[in-house]
**Q** 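Submitted below is the structure of interest, expressed as structure tokens.
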Protein chains: 2
Amino acid sequence: MNIDGKPYRTIWLNADGKSVEIIDQTKLPHRFETVTLRTLEDAARAISSMQVRGAPLIGATAAYGVALGMRVHATDEALDQACAVLAATRPTAVNLRWALDEMQKAVRNQPRDKRVAAAFARAASICEEDVETNRRIGEHGLGLIQAYAEKKGGERINILTHCNAGWLATVDWGTALAPIYRAHDEGIKLHVWVDETRPRNQGASLTAFELKAHGVPHTLIADNTGGHLMQKKQVDLCIVGTDRTTANGDVANKIGTYLKALAARDNHVPFFVALPGTTIDWSLADGSAIPIEERDPGEVTHIQGKLADGTVASVLIAPEGSPAANYGFDVTPARLITGFITERGVAPATPNALVTLYPEHRKVDAA
Amino acid sequence: MNIDGKPYRTIWLNADGKSVEIIDQTKLPHRFETVTLRTLEDAARAISSMQVRGAPLIGATAAYGVALGMRVHATDEALDQACAVLAATRPTAVNLRWALDEMQKAVRNQPRDKRVAAAFARAASICEEDVETNRRIGEHGLGLIQAYAEKKGGERINILTHCNAGWLATVDWGTALAPIYRAHDEGIKLHVWVDETRPRNQGASLTAFELKAHGVPHTLIADNTGGHLMQKKQVDLCIVGTDRTTANGDVANKIGTYLKALAARDNHVPFFVALPGTTIDWSLADGSAIPIEERDPGEVTHIQGKLADGTVASVLIAPEGSPAANYGFDVTPARLITGFITERGVAPATPNALVTLYPEHRKVDAA
């Protein structure tokens, strides 16, 4: 998407053909800086330090990490070692393991002298596939937004989103934000309510940054605000992303998503989840089995931001010594979800609709 | 309540009998400092700068402000002028106007030479009445908490609260926290989930401070977290305060209260609102008519906290120039409220139950 009129992706191969550039997301929204990855270790560090985050982007970065590793040693051992190092950076991201499997498949059967080229080619195609998947999510979501815009007779559509499921979480377009960018570019009048998304503030620091940089009208709100806005008919629809979706349509997403889904139902506001098929965990029957990550309480007691003098610092907002708890995700039950926006189309959040979209995952009756 | 073992109120007359001491709440939780009010102007500034906040405490401070004013001039004109200055500090707080009316009644009919003493006496009795009201709320709420504790067979009770309706918002005890202090002092095992309460973080800075200072076990959480905790059966009941309650039992309270009430209903968690009868607005049929204050967007884009070097500073958490919206309150409909905890007892959130508790407000049928 655009940053001040210039199109960017979150990751790209430099003109030298042997180094990779990423946007350092730990510096956003206060500074826009890119970082050059020249080695496997650079790529691993970029993932573990969260300079890149978002499951699809983590996968893409890991793929390039393998290619950078192959440039030094193109042996089977080096390939396995590279995958092991990268897999250990963020153990829970499903796309990371998928991308490493893809790299193994693309590289292992090649002769040594073709492995570097094969690895860079597959990393590039993983990126392209991600962009295409998200483009399609955007296309299907555009239809939805158009329908709501028509219902409002061309009046401005207000969309609420939580956390960051934007282009910064993917290679381009994003998942939840893809339909929004597509509709905005199409000239549909819209405005986005951006939940700040405590404790890590990905809404305030990443979603607001993305939307502002691309020129999409938006307003930052405290996470407490969405219910009131829905009561006052200031939200026409909600679109969020997901970290994991189970076979019955339950959705794990950033903590607080469930509260907005409850408010949406209470106020008859449609609540959509945008996702690529790869985030569906077909092995889990429902969301109760999804493990919820507990993170450092310091993310709750401290907040990072920019001081008046322009330096970035962390401030303590609680009494010294008060304990805090930090749960990363919650589960929104399928019954609260109006529909899924996928790369294959829009579907209700039911087990049947999901296997109809992804028939390759239909369980064959053993009888 | 206690601060590190020493009992405090939020406001008290100094030993000199002519100056008043308050806790400077703008410095909490990072510094505990008291401020001496010697003049009417000191009192007015303490209210408008939010060194004191919470409707009951604002009323008490204004009452002492009138007394301090009487020390300089005890004329009718000076009395009216003092009330006008104080009324202008926070135009929406109902208790402020009530307290000023009480001071007029107590002072105006006195001869000049008795007005100062009468004013100080009435200010003191307003404080005592507030403490007594809250003590009774605590007493009635204690019964509730005891019942839930018995149901759990003496296992620890987890109570979630939002914002600060503690002793810092009143003269002592608080409203929502009064039952919690009472139960804790009674030896009931309990633990409080403290919503940080963005954007002004009264949960993180005031409720966590109070509970820690009094020794009540608690854990600070992001406002997004309550729904997940309720899904995981980590919340036994919710108790919040209210800024205004309408005749049908709808409740305006700090923004985000409605979201927690929705989650409580979805997970069969009892949701109680603690209130003194004076916060009921009998003139409004339901909550839709309650005006919702819009505050400075800077409270959303900036957060105040303590830097590593111990100084307190404000940091920007959003992109420079991204707009923000800041709604102070939302309305929780009566249908989501399990009951009210008042100084006259516990009652369901229905119009009939309210007028049964407060029969002096029963509307007489004209026919």
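Convention: sequence-line order gives letters A, B, ...; per-chain numbering from 1. Values below: all heavy atoms of this structure, side chains included; hydrogens, waters and symmetry mates excluded.
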**Q** Return yes if some donor-acceptor pair links the side-chain N/O of B:D286 with the main-chain N/O of B:N248 below 3.5 Å, else return no.
**A** no
**Q** Go through the structure and list residues passing side chain to side chain donor-acceptor pair (under 3.5 Å) with B:H218, not counting sequence neighbours.
**A** A:S322
**Q** Report yes if some heavy atom in the side chain of B:L262 is under 4.5 Å from a heavy atom in the side chain of B:R265; otherwise report no.
**A** yes
**Q** Please classify the contact between A:K232 and chain B as side chain, backbone, both or neither, with a heavy-atom cut-off of under 4.5 Å.
**A** side chain
**Q** Do A:T257 and A:F329 have side-chain heavy atoms sitting under 4.5 Å apart?
**A** no
**Q** Checking A:L211 against chain B: side chain, backbone, both or neither under 4.5 Å from a heavy atom?
**A** neither
**Q** Which residues in residues 22-33 of chain B have any heavy atom lying under 4.5 Å from a heavy atom of chain A?
**A** B:P29, B:H30
**Q** Heavy-atom cut-off 4.5 Å, strictly under: side chain, backbone, both or neither for B:S288 against chain A?
**A** backbone
**Q** Do A:R244 and A:N253 have a side chain donor and acceptor closer than 3.5 Å?
**A** no
**Q** Top residue by heavy-atom pair count (under 4.5 Å) with chain B, among A:L259, A:N326, A:V312?
**A** A:L259
**Q** Please confirm whether B:K260 makes a cation-pi placement over B:F271, using NZ or CZ under 6.0 Å from the six-membered ring centre and within 45° of the ring normal.
**A** no
**Q** Would you give the length of the straight line joining atom SG of B:C238 to atom CG of B:L336, rounded to the nearest 0.5 angstrom?
**A** 11.5 Å
**Q** Quick one: does any side-chain atom of A:N2 pair with a main-chain N or O of A:D4 as donor and acceptor, under 3.5 Å?
**A** no
**Q** Using side-chain contact (heavy atoms from CB on, under 4.5 Å) as the criterion, point out the one residue from A:T332, A:T350, A:T242 that pairs with A:I337.
**A** A:T332
**Q** Just by distance, do the side chain of B:E210 and the backbone of B:L168 share a donor-acceptor pair under 3.5 Å?
**A** yes
**Q** Establish, from distance only, whether the side-chain atoms of A:Q234 and A:N158 form a donor-acceptor pair under 3.5 Å.
**A** no
**Q** Checking the side chain of A:Q231 only, and the main-chain atoms of B:V331 only, is there a donor and an acceptor separated by less than 3.5 Å?
**A** yes
**Q** Would you say A:K212's side chain and B:E320's backbone share a donor-acceptor pair under 3.5 angstrom?
**A** yes
**Q** Do A:T10 and A:D172 have side-chain heavy atoms sitting under 4.5 Å apart?
**A** no
**Q** Applying the ring-ring contact (aromatic ring centres under 6.0 Å, His included) test to A:H214, which of A:Y8, A:W167, A:Y181 qualifies?
**A** A:Y181
**Q** Can you tell if the side chain of B:M1 reaches within under 4.5 Å of the side chain of B:L177, non-hydrogen atoms only?
**A** no
**Q** Which of residues 194-204 of chain B get closer than 4.5 angstrom to chain A, counting heavy atoms alone?
**A** B:E196, B:T197, B:R198, B:P199, B:N201, B:A204
**Q** Answer with side chain, backbone, both or neither: which region of B:F209 has an atom nearer than 4.5 Å to a non-hydrogen atom of chain A?
**A** both
**Q** Which one wins on heavy-atom pair count under 4.5 Å against chain A: B:A324, B:A222, B:P333, B:G321?
**A** B:A324
**Q** Hydrogens and angles aside, do A:T246 and A:D281 bring a side-chain donor and acceptor to less than 3.5 Å of each other?
**A** no
**Q** Among residues 300-307 of chain A, which ones touch chain B with a heavy-atom distance under 4.5 Å?
**A** A:V300, A:T301, A:I303, A:Q304, A:G305, A:K306, A:L307
**Q** Below 4.5 Å, heavy-atom pairs only: which of A:T219, A:I221, A:I292, A:L229 has the largest tally toward chain B?
**A** A:T219
**Q** Under a 4.5 Å cutoff for heavy-atom pairs, which residue among A:T225, A:D330, A:D266 has the most contacts with chain B?
**A** A:D266
